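Just so you know, these numbers use all the heavy atoms, side chains as well, and skip hydrogens, waters and symmetry mates. In what follows, chains are A, B, ... by sequence order, proteins preceding strands, each numbered from 1. Note that this is a predicted model, so its numbers are computed, not measured.
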Amino acid sequence: MFELLGVPPQVLMGQLLIGLINGSFYAVLSLGLAVIFGLLNIINFTHGAQYMMGAFVAWMLLNYLGIGYWPALVLSPLVVGAIGIVLERTMISRLYKLDHLYGLLLTFGLALIIQGLFRNYYGVSGLPYAIPPALQGGQNLGFMFLPNYRGWVIVASVIVCFGTWFMIEKTRLGAYLRAATENPELVGAFGINVPRMITLTYGFGVGLAAFAGVLAAPIYSVNPNMGADLIIVVFAVVVIGGMGSIMGAILTGFGLGIVEGLTRVFYPEGSAVVIFVIMAIVLMIKPEGLFGSST
Amino acid sequence: METRTETGTRDALLEVSGLEGWYGESHVLHGVDFHVKQGEVVTLLGRNGAGKTTTIKAIMGLLDKRRGSVKLGGRETISLQARHIARMGIAICPEERGIFSSLSVEENLHLPPKLAEDGLSTDRIFELFPNLKERRRSQGTKLSGGEQQMLAIARILRTGSKFLLLDEPTEGLAPVIVQQIGRTISALKEEGFTIVLVEQNFRFAASVADRHYVVEQGRVVDMIPNHALDANIEKLHAYLGV
Amino acid sequence: MLQASGLTKEFKGFVAVNNVDLTVERGTIHALIGPNGAGKTTCFNLLTKFLQPTRGTITYDGRDITSLSAADIARLGLVRSFQISAVFDDLTVLENVRIAMQRRRGDSYDFWRSEVLLAQYDDEARGYVESVGLGDFLNHRAAELSYGRKRALEIATTLALEPDMLLLDEPMAGMAQADVDRISALIKRISEGRTILMVEHNLSVVANLSDRITVLARGEVLAEGDYDTVSKSPEVIDAYIGAGHD
Amino acid sequence: MSTTENTTKAALPAMTHTVGMPRHQKIIFVVLLAVLIALPFMVYPVFAMKVLCFALFACAFNLLLGFGGLLSFGHAAYFGMASYVCAHAAKVWGLTPELAILTGTATAAVLGLVIGSLAIRRQGIYFAMVTLAFAQMVYFFALQAEFTGGEDGIQSVPRNDLFGLLPMKDDLTFYFFVLAITYGGILFIYRITHSPFGQVLKSIRENEPRAVSLGYHVNRYKLMVFVLSATFAGLAGATKSQVFHLASLTDVHWTMSGEVVLMTLLGGMGTVLGPIVGAAIVVTMQNYLAYLGAWVTVIQGCIFVIGVLLFREGIIGVLSRILKKPL
Amino acid sequence: TDVKLGVLNDQSGVYADLSGEGSVVAARMAVEDFDAESKGINVEIISADHQNKPDIASNIARQWYDQDGVDVILDVPTSSTALAVADVTAEFDKIFINSGAATSDLTRGNCQPTTIHWTYDTASLANGTGKAVTDAGGDTWFFLTADYAFGHALERDTTAVVEANGGEVLGSVAHPFPGTDFSSFLLQAQASGAKVIGLANAGADTVNSIKQAAEFGIVQAGQKLAGLLLFINNVHSLGAETAQGLQMTTAFYWDMNDETREFSERFQAEIGAPPSMVQAGVYAGTLHYLKAVEAVGSNDSSAIVAKMKEMETDDPLFGKGYIRKDGRVIHDMYLMEVKSPDESTGEWDLLKQVSTISGEDAFLPMEEGGCEFALAD
Ligand SMILES: Nc1ncnc2c1ncn2[C@@H]1O[C@H](COP(=O)(O)OP(=O)(O)OP(=O)(O)O)[C@@H](O)[C@H]1O
Ligand SMILES: Nc1ncnc2c1ncn2[C@@H]1O[C@H](COP(=O)(O)OP(=O)(O)OP(=O)(O)O)[C@@H](O)[C@H]1O
Ligand SMILES: [Mg+2]
Ligand SMILES: [Mg+2]
């Protein structure tokens, strides 16, 4: 049996699959970020905090109300999205006409507040959240043991990503969104309620982050810092994919998950920076991003 | 004012009086008065920076800070938001055309929601502007300037709005296309559309309009009916500084 | 003076400018006209190297400039204006003109010296500003000027570079008749001893000013000659001027 | 010629054109110096030095953002690397403070040259991301490299005698050395922004294509301001490692890049005093909020949110608008 | 005598749970239990958040010593801040009783006469878990190492112990710090075929590694996990279900005897969780310090340090022990195993003791430490 640089093919296959799973998280998160950036021109620095809230709300639903994983998968994004809508209405909406620097600063401050509050009430050690019974165990694929839950993560994110893509690129609502990105005033002058659309979009993007949070809760430590550093990586994914490109964000998310996975095999120390190295290279060669269009 | 005594405003579809408008701190409109009747084509003429575009925007609700009165079919709209004004059956073709680059030609065309049932059908539009049919799959802003202008007009015809605000539809266009747009406006007038047209090119304006308002420093300073244009040409030249 | 041969630009398979040969004679005003989307602005961008041609060569004063950068082209004395007005909004009129002079004189990298130094340019800069009739606006921020005056300022700034050749992209676009006349006169005046290439849709301006006209359509040269020749060509009437024009 | 012209003229009062530093700014600089001289007698000298270092850092950043129009999201790289190299030079090579600081600063300049020459090819948010990407690589290097001491950092960095002559152990003495560096740096940055070069920079920020069409090689100017900014950031970082006797990962982490953005915006981007005030506020907050324990981040967050919503031009920016004078 | 104690630690970041406010409470409880007031010692406690930034820690320490009259600084988790505070303390000739930091450098290369390192260090963790697990038959190891100084130190120390006890290290993989997904590294560990996967990381990284190991069925498939640095809070966040069977070394567990239980009950009433070993260390350190103050009768730092090193340590939480000349506190460590959900009777009833490691075995001998002043005489 052949080996690649001393790595047996089974291991390589396993790593590719794992990369794909991590890519699922990147894809869902960067999708939310791309949707928000695309429409609101806001770099949503609270995205990581909202991802964390998604996981926490799932935990709260279970521990305070006895509501399990499956309903939480829907409820938690709704709850967090609703909180996002409140933030958008009360604060973020005042910044649309300004440089995106200000949006970044505001959402950065909000992230500090949200994370700080959760730290104060729930500590930093993390909270347990079990894998739902239906998804426990796994499949032996021959080359690796694939936990059922991980399989579900891929399926769920692919469905959500492509559903979102379809909605934005192929439906009338999506056309409104894209048009409002370019020229909200004119779209308003056609009789469309742009502010409400923007608010809902922000809520939706935040909901995506929370959805990723719920997906993450059973396998990653549910703690207030879980999203703190993530935002930078996810933002890099959006940039590599091409700002404003929905499909770009999705494909790059999955793709970079795989690349990162391979780095973990061949040069594990480098797996933390590989995304940034790729980003630097991509921006040098194709500044508009892999899937971005030059305008 | 001259206009009022001559035609009266009772049957006006649009009645603008004492309209003031600001961009941030700068006061741009200082009390614009004019009216438009059902089925009329009226132009706003004036020099650069006179406030024509601003007037159009204020009517459409696109100016953040405005005061005075804009009545549409008898209803006061000064404090309404753009989208509510649009739903009253009025549509704008902006100065900079506003074609969306992330949308295809067809998506651009279908973007404004239908407000009434009697808008032009897509077939009818393609009949009017064959170029658009040919290129309906391409990206909106890849069209040539003239085609973009056609698209900007076409997309508001679909909505069923019978009251159109056209801001310099001929700017930067080749003479041959200017003529085509002139024919289109005449055809629309035949169908009972009401149109407010902003123009630099007053020869073009004369070929389509019923009346002309002269705007100067944020005010309407004169009204000249088209049939009296020849008699007033000296005066008009003086207004426009030719 | 300026010569382009076989100039071609493709955007992802779409040919915007196709095999254009263009010769601008020294000391003339040469106009580039054509229907929308004919490739005029693209041509301009190619000549001034704001875009890289897919094929073709450009020579200036006998020298091949095809591979130079945009800034170097300007340093050779070939300066362009923009279709939308291009001034430095936050600088005063005087400062706008001084920026151009600084480049010519070459102290623009001196970050350790005081800007007091720049006062030495004031007299000469004032001269340029006055020559375009903006003498009263010396210390106004450019952003506060009206559209026509911004164009005048742009021309003053360009003149301060003492260019041999100017390329003007639709200098009359969106301008009211009054300003059109003023800028026309200005262009006429500065054309003394200089070469000018301009893009313009306003046919009366083209007729009045230009010595020679090239008509582009669909990226290719459709006709070339003086106004009378060109405006009588049936292809040009069909593609550009239209039957109803008087 | 026409009526419009006359109104425009009447509406806009002609501003008087000033040459050189306006009087009120001279006063500001004198007052600033007086305040800074008095500072170590009012607050703890080490804390005062920290304020100075961050003030210089923020001013360096402001040179790039406020005057060059370039938002770098990776300025910690220059600040942090300079601090490491300076600490190493003082501890291992035994260099005197001024030489150690120079070595650190030079490192930052070279790093700025390398990263800058790649980053300036891109604009806007992409520029920010490229600088961030490179800063992450620098962080990675700092985490991995032997000499940085990993997460322990370089500790017990000695403060040798200045020029090999003057003992600098005493914090109050050292304060005045740091003051000289910082104040000199801030003055120099002011001069850069008000130099022929600064004028060109301003024009590039206003309208880049136009500057190109006038024959400016804009990338050279951008690179130059980038390197200058990185150099001053490095000067600040190097000095800081001498102040605290240590260099650590905190100074290369991306949150430090974020902090300097916050300082600058909080104080007022593009103003002379803004970054200094912003730095003073943030540093004070970190130090004095330390006693509030767990609520630090929440309070910090609230201040930023309120700042953005209520004083978006920054504190000095708001003052400057009220007084109608550039501060 | 008047003494002022400064608890300097992470109150808002990743170490806030295991040190933070709880350490302040622990110090206060020590003062109360010692009944300082009746012995004529006036104790004041202040605290601050160093935000895990060494410059902030150093600045606060300086100001405390110089202006606020602090005599002793307690806790200080994270290596970089601890080392910075140790330096400042030596400069001002005060006392630094560290409980939170893991770096053994505090009593080795960077040792200071004024530093006392109480609870644990990388060497003792390695000794505890490394030796016990290898002895129990886990003789082939693979490490998952956090890619920074702490992780590498832990791996290095444990490797030495494993090899000294006849075991073999088959390999290791350095993962980024902090990381979130460890499945890739776990698969590599699995592929190595080692009997034991040593987790040379901390905090959320360790929690995530264990959570994902359970998910991938690594333990069911026959490999054993050894957490080299785990706190009770981490185990709690994993839940007994996920963490069961996991072995770890700790200096303190709340449910060891009546005294620890009594203390923990009081502690939990205030903080909502039983004390971590770091918080316990702050309590014990404070108590021992106060005893020395009483014995010396003044707040003269050098005298007190000397006294502290001279007196045996003896407190309800750590039992008997002593302080070595290099500042290392020698006390017993315990190898623990996480209970299964059936065995566990309460939210915090998570560990059972496997064995006791005597202080001499647990900590690295002073002679190997390289602390110059301690070896000098
Ligand atoms: N966004 C803006 N902010 C500030 N002032 C503006 C803005 N837009 C236009 N103005 C000013 O308002 C005045 C009126 O402008 P407006 O665009 O309505 O003129 P116009 O008559 O349409 O001119 P044109 O023929 O050039 O289109 C001008 O003085 C212009 O400078
Ligand atoms: N970056 C680009 N990518 C793709 N196509 C482009 C690009 N720039 C221009 N084009 C296309 O090239 C053609 C020529 O454009 P250009 O701007 O040169 O026309 P023009 O002659 O200046 O027209 P106008 O009179 O409207 O200014 C147009 O069809 C345009 O859509
Ligand atoms: Mg207009
Ligand atoms: Mg053009």
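Using a 4.5 Å cut-off between heavy atoms, E:D105 contacts chain D through its side chain alone, with no backbone atom that close. With a 4.5 Å cut-off on non-hydrogen atoms, D:H245 touches chain E through its side chain but not through its backbone. The contact between E:D55 and chain D is made by backbone and side chain atoms together, counting heavy-atom distances below 4.5 Å. For E:Q51, the part sitting under 4.5 Å from any heavy atom of chain D is the side chain, from C-beta outward, and nothing else. Proximity to chain D (any heavy atom under 4.5 Å) is shown, for E:A16, by neither the backbone nor the side chain.
Remark: D:R159 qualifies as a cation-pi partner of D:F174 under the 6.0 Å distance and 45° angle criteria applied to the six-membered ring.
Comparing E:I60, E:T103, E:D66 by how many heavy-atom pairs each has under 4.5 Å with chain D, the most go to E:D66. Each of D:Q155, D:Q286, D:H253 has some count of heavy-atom pairs under 4.5 Å with chain E, and the biggest count is that of D:Q155.
In this structure, D:F79 and D:F54 have tilted ring planes: the angle between them lies in the 30° to 60° band.
With rounding to the nearest 0.5 angstrom, the CD atom of E:Q112 is 8.5 Å from the SG atom of E:C371.
A distance-only check finds no donor-acceptor pair linking the side chain of E:D75 to the backbone of E:L8 [under 3.5 Å].
At a threshold of 4.5 Å between non-hydrogen side-chain atoms, the residues E:D121 and E:R328 count as touching. In this structure, D:I281 and D:L266 have side chains that are in contact, with non-hydrogen atoms separated by less than 4.5 Å.
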